[in-house]
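What follows is a short report on a single structure.
Both backbone and side-chain heavy atoms feed into the values below; hydrogens, waters and symmetry mates do not. Convention: sequence-line order gives letters A, B, ...; per-chain numbering from 1.
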Amino acid sequence: MYRALRAEVADVLERALEAQELPTDDLGIEDPPGGVDATLASSVAFRLAGTLGEAPAAVAAQLSDEIDVSDATYIGAVTNAGPYLNVHASETYYEETLLAGLDPTYGTLPDRDERVVVEHTSANPTGPVHVGRARNPIIGDAIARVLSAAGYEVERHYYVNDAGRQMAVFTWAYETFEEDDLPAPDRAKPDYDLVRYYRAGNDYLESENEQKVAAAETEIEAIMRGLESGDEATYRRVSQVVEPVLEGMRQTLERLPARFDEFVRETRFMRDGSTEDLVQRLKALPNAEQADGAWQLDLAGRGIDKELVFVRSDDTSLYPTRDIAHHEWKLRNFDRAITVLGEDHELQARQLRAALDQLGNDVSRLRAVHYSWVNLPGGEGMSTRRGTGIDLDDLLDEAIDRARQEVEARMDDRLRDDDLDEGDIDRIAHQVGIGAVRYDIVAKQASKAITFEWERALNFEAQSAPYLQYVHARCSGILTEAGREPVGSPDADALTHPTERELLAVMARFPAVIEEAADDLAPHVVATYCRELAETFNAFYRECPVVSSEVSEDTGEARLALVSGAKHTMANALDVLGVEAPESM
RNA sequence: GGGCGCGUGGCCUAGCGGACAGGGCGAAAGGUUCCUAACCUUUCGAUCGCGGGUUCAAAUCCCGCCGCGCCCGCCA
């Protein structure tokens with residue numbers, strides 16, 4: 001409703017300005033600050049005051065007279081408050097919002113026949129997923145979800161780096177070291193098992209004498225050349241390391257849950273010849289040049305100081321080369337391609353974009369979202385190779401444990417008499433624990449750095465997932481208590497309490513929030529919205545009984561519809577964030 | 001050194017050109033015979049890193065500086 005109202009306001013304002021032959025390029029439509037009794041506002045009067053030579057307040061008064069709302073559906077009235085124009089929503093606005101909320105899919109935008117691929121996580125299959133990496137699947141999955149809610153057809157991809165030097169080192173280490181010489185794995189999972197070889201291999205290369213390292217390097221290079229030439233035997237050797245580790249990582253990500261439609265392996269673009277073909281096209285570009293036997297693209301003309309090396313002097317390709325082939329493939333198969341990357345990939349992403357552009361691809365269909373680092377207190381980073389960092393599995397286990405303790409602690413002084421059983425406690429512990437971790441990460445702008453702290457990540461009160469989930473559970477509780485579904489034609493007139501109107505007004509904005517989050521690839525705006533919705537609902541909850549003998553039938557019916565709408569809105573908003581919405585907690 | 005990003009009460013965070021900078025944590029006080037108190041109410045607390053500039057209007061845009069992060073590999 002909000003989106004329709006906004007469009008209507010623009011229309012009405014434009015007509016009023018045109019009638020007075022005033023410019024309509026900047027209508028200054030905005031959300032009024034809290035405490036102002038209006039649904040939308042405009043500050044056009046400021047802009048026109050100069051050209052008209054009158055005070056803004058006078059212009060606003062004049063405009064509010066000029067504006068004709070008689071044809072409008074969602075605008076009730078336009079008044080002026082000093083220099084501002086305040087738009088008040090019509091009764092229809094509230095009525096239609098109440099009605100729309102009854103739809104369990106409320107907030108989902110119409111299909112738009114556009115295929116989008118969201119690539120996220122894509123962590124090298126070297127070992128267990130740690131918390132530093134977890135920001136990627138949580139943000140990536142939320143972006144995929146918000147795009148899906150916004151009507152796009154979404155596919156989620158994990159790009160697997162199963163070629164290249166790191167994998168060659170890993171394969172060599174796996175074939176070289178004896179299990180007896182390694183520490184016991186932290187968990188009985190393939191990623192925890194195999195990462196020990198990876199760490200041992202890297203240690204060896206860093207600490208052994210020159211001769212031994214040189215011998216190892218020879219073996220590693222042989223593996224890389226085997227991959228490059230498409231040698232089946234080499235591919236199988238690497239696969240026996242990559243695939244189990246990837247499976248272990250997939251299992252951990254599944255817990256979030258972050259699921260993928262496809263794991264796209266890098267070797268695919270070597271084996272199908274597309275990398276080779278690409279290299280020929282890159283070499284033919286005017287700014288391609290050879291330096292010390294290697295081939296590179298000089299991107300200075302595009303404002304990038306660093307050359308993009310795409311063929312080594314030994315004639316093998318590099319990760320960025322294959323990634324260009326990968327992205328051409330994405331652009332062939334999808335209308336838009338979005339990649340979620342760490343801030344350390346910023347330069348690489350710019351180079352990739354520039355190269356793709358030069359090759360004649362439409363790079364406007366490409367977008368990258370970069371997120372900042374998750375550090376440990378004290379500033380230490382998380383590294384799979386060095387074994388520093390907190391494993392995501394441990395964080396999730398701890399989150400669930402603490403959530404379970406909370407549930408059990410609250411059982412004793414619980415007011416509601418609904419006999420939660422063991423299964424419920426387990427369910428709630430998972431929903432709350434995992435939800436808290438996800439929300440803590442998704443609620444923050446991706447560009448802000450995060451310092452990981454247990455207490456903060458696992459705080460279950462106030463601005464956290466459980467606070468929002470609780471609202472959903474409260475709605476469910478009321479609907480259960482009522483013992484029936486709201487009727488199909490509720491009467492918004494019966495909702496006269498300010499908290500009721502406010503709740504409807506917040507609900508009305510939900511589709512616009514989804515649209516904005518999708519346009520900006522910013523799921524955190526949905527997180528912020530959830531908080532507002534929760535606060536507004538709690539105010540209503542405090543003031544307005546729904547299932548009570550003191551409430552008239554009409555009012556009770558309308559409130560039941562309102563609760564149903566709030567429940568659907570919260571459920572769908574949480575779903576976009578990947579946070580579960582419990583029926584009880 | 002260069003490039004990109006970030007800097008909002010003790011801590012975390014929203015806002016990123018318009019009406020008194022919203023929340024939360026924390027601290028203090030209150031609220032449950034009534035739909036779940038993982039809740040709500042009140043109080044405390046901010047030169048929006050610093051200095052200039054643009055504008056009727058700047059946390060928001062521009063310039064400079066400071067601090068922090070990331071990047072500047074024939075690694076990925």
Side-chain angles (χ1 to χ4, degrees), chain A residues 28 30 32-36 41-43 46-47 49-50 55-56 81-84 86 122 124 126 161 163-167 169 266 291-296 303-306 309-314 316 318-320 323 342-348 350 370 372-373 375 379 381 403 406-407 409-410 413-418 428 432 440 443-445 447-451 453 455-456 459-471 473-482 524-525 527-528 531-532 534-535 538-539 541-551 559 563 584-585:
Chain A
E30 61 198 57
V36 173
S42 167
S43 56
F46 283 110
R47 274 153 260 253
Y84 294 95
N86 282 341
S122 302
N124 293 344
T126 52
N161 166 21
R165 189 181 150 78
Q166 284 193 43
M167 288 308 113
V169 169
E266 195 180 348
D292 301 325
W295 277 89
Q296 61 186 31
I304 301 172
D305 288 336
K306 180 78 187 75
V309 179
F310 59 91
V311 178
R312 292 192 184 90
S313 51
D314 69 356
T316 55
L318 292 89
Y319 175 86
D323 205 21
E343 62 177 338
D344 53 332
H345 285 68
E346 199 106 38
L347 176 63
Q348 189 209 335
R350 285 206 298 143
H370 294 275
S372 291
W373 254 206
N375 283 316
E406 284 292 326
V407 184
R410 287 163 200 272
D413 43 33
R414 197 175 165 82
L415 286 173
R416 192 178 176 82
D417 176 28
D418 57 359
I428 296 165
V432 167
D440 185 58
K444 287 169 183 149
Q445 281 189 45
S447 58
K448 300 230 182 190
I450 294 179
T451 299
E453 286 165 68
E455 293 313 316
R456 205 193 305 288
N459 174 14
F460 297 141
E461 271 162 21
Q463 280 177 11
S464 67
Y467 174 69
L468 312 171
Q469 294 173 312
Y470 190 58
V471 166
R474 272 182 158 173
C475 291
S476 293
I478 292 170
L479 291 166
T480 305
E481 197 70 28
H524 82 274
V525 310
T528 305
R531 225 187 58 215
E532 285 173 43
E535 279 163 9
N538 282 328
Y541 182 87
R542 182 181 71 245
E543 302 288 337
C544 303
V546 180
V547 186
S548 164
S549 54
E550 290 165 34
V551 177
R559 284 180 180 170
V563 169
S584 68
M585 61 187 279

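- Between Y470(A) and C40(B) there is no side-chain N or O to OP1 or OP2 distance below 4.0 Å.
- Residue Y541(A) places at least one side-chain N or O closer than 4.0 Å to OP1 or OP2 of A37(B).
- Nucleotides C63(B) and C25(B) are separated by 39 Å at their P atoms, to the nearest Å.
- With hydrogens and angles left out, the side chain of S313(A) and the base of C74(B) share a donor-acceptor pair within 3.5 Å.
- Under the Watson-Crick and G-U wobble criteria, each requiring two contacts below 3.5 Å, nucleotide C39(B) is paired to G31(B).
- The side chain of K306(A) has G73(B) as its nearest neighbour among G73(B), A76(B), G23(B).
- For the pair P545(A)/E550(A), no side-chain contact is recorded, criterion being any heavy-atom separation below 4.5 Å from C-beta on.
- Checked against C71(B), A76(B), A19(B), the side chain of E30(A) finds its nearest nucleotide in A19(B).
- The P atoms of U60(B) and G51(B) are separated by 13 Å, rounded to the nearest whole Å.
- Two residues are said to be in side-chain contact when any heavy atoms from C-beta on lie closer than 4.5 Å; D323(A) and Q348(A) meet this criterion.
- At whole-Å resolution of the value, CG in N161(A) and C1' in C75(B) are 10 Å apart.
- Of the listed nucleotides (C74(B), A38(B), C40(B)), A38(B) has the atom at the smallest distance from the side chain of M585(A).
- Taking a pair to require two hydrogen-bonding distances under 3.5 Å in either a Watson-Crick or a G-U wobble arrangement, A19(B) remains unpaired.
- Residue D305(A) places its side chain closer to G2(B) than to any other of A38(B), C40(B), G2(B).
- Spacing between atom OH of Y84(A) and atom P of G18(B) amounts to 9 Å, rounded to whole angstrom units.
- Side-chain contact between W373(A) and D344(A) is present, with at least one heavy-atom pair separated by less than 4.5 Å.
- The closest side-chain heavy-atom distance from R350(A) to L347(A) is below 4.5 Å.
- One can place CG of N459(A) at 10 Å from C1' of A38(B), the figure rounded to the nearest angstrom.
- C48(B) is unpaired under the criterion used here, namely a Watson-Crick or G-U wobble arrangement in which both key atom distances are under 3.5 Å.
- Taking atom P in both U13(B) and U8(B), the straight-line distance is 8 Å, to the nearest Å.
- Considering only side-chain N and O atoms, R474(A) lies under 4.0 angstrom from the phosphate OP1 or OP2 of A37(B).
- With A76(B), C71(B), G5(B) as the choices, the nucleotide that has an atom nearest any side-chain atom of L347(A) turns out to be C71(B).
- As a whole-Å value, the separation of K444(A) NZ from C11(B) C1' is 11 Å.
- In this structure the side chain of Q469(A) never reaches within 4.5 angstrom of the side chain of I428(A), judged on heavy atoms.
- Residue-to-nucleotide contacts include no donor-acceptor pair under 3.5 Å from the side chain of R350(A) to the base of G3(B).
- In this entry G73(B) has no Watson-Crick or G-U wobble partner, no candidate having both defining distances under 3.5 Å.
- Between Q445(A) and G15(B), a side-chain N or O to OP1/OP2 separation shorter than 4.0 Å is present.
- In this structure, N459(A) and S464(A) have side chains that are not in contact, with every pair of non-hydrogen atoms separated by 4.5 Å or more.
- Per the geometry, NZ belonging to K448(A) stands 14 Å off C1' belonging to C11(B), to the nearest Å.
- The side chain of R47(A) has G18(B) as its nearest neighbour among G15(B), G18(B), C74(B).
- Between the C1' atoms of U54(B) and C11(B), the separation comes to 35 Å (whole Å).
- As rounded to the nearest Å, A28(B) and C68(B) have C1' atoms that lie 34 Å from one another.
- For S43(A), whose side chain is taken as the heavy atoms from C-beta onward, the closest listed nucleotide among A38(B), G18(B), C74(B) is G18(B).
- In this structure the side chain of Y541(A) never reaches within 4.5 angstrom of the side chain of V471(A), judged on heavy atoms.
- R165(A) has no side-chain polar atom (N or O) that falls below the 4.0 Å cut-off from OP1 or OP2 of A76(B).
- One C1' atom belongs to G1(B), the other to G53(B), and the distance between them is 28 Å to the nearest Å.
- As a whole-Å value, the separation of E343(A) CD from C6(B) C1' is 9 Å.
- For the pair N538(A) and Y467(A), the minimum side-chain heavy-atom distance is below 4.5 Å.
- Counting to the nearest Å, the C1' atom of C56(B) and the CZ atom of F46(A) are 8 Å from each other.
- Spacing of C1' atoms, G18(B) relative to A37(B), comes out at 40 Å, to the nearest Å.
- Distances were taken from every side-chain heavy atom of P320(A) (C-beta onward) to each of A76(B), C35(B), C4(B); the shortest belongs to A76(B).
- The distance from atom CZ of R312(A) to atom P of C74(B) is 10 Å, rounded to the nearest whole Å.
- Across every non-hydrogen atom of S372(A) and E343(A), the tightest pair is OG-OE1, 3.5 Å.
- Contact annotation for N86(A): base contact, defined as any heavy-atom pair under 4.0 Å involving a base atom.
- Within 3.5 Å, a donor on the side chain of Q463(A) pairs with an acceptor on the base of G23(B), or the reverse.
- Taking 4.0 angstrom as the limit, H524(A) places none of its side-chain polar atoms (N or O) nearer than this to OP1 or OP2 of C16(B).
- When Watson-Crick and G-U wobble pairs are counted only if both distances are under 3.5 Å, U55(B) pairs with no nucleotide at all.
- On the C1' atoms, U55(B) is 16 Å away from A59(B), given to the nearest whole Å.
- Put simply, the side chain of D344(A) and the base of A76(B) share no donor and acceptor less than 3.5 Å apart.
- Applying the Watson-Crick and G-U wobble criteria (two distances, each under 3.5 Å), G7(B) pairs with C66(B).
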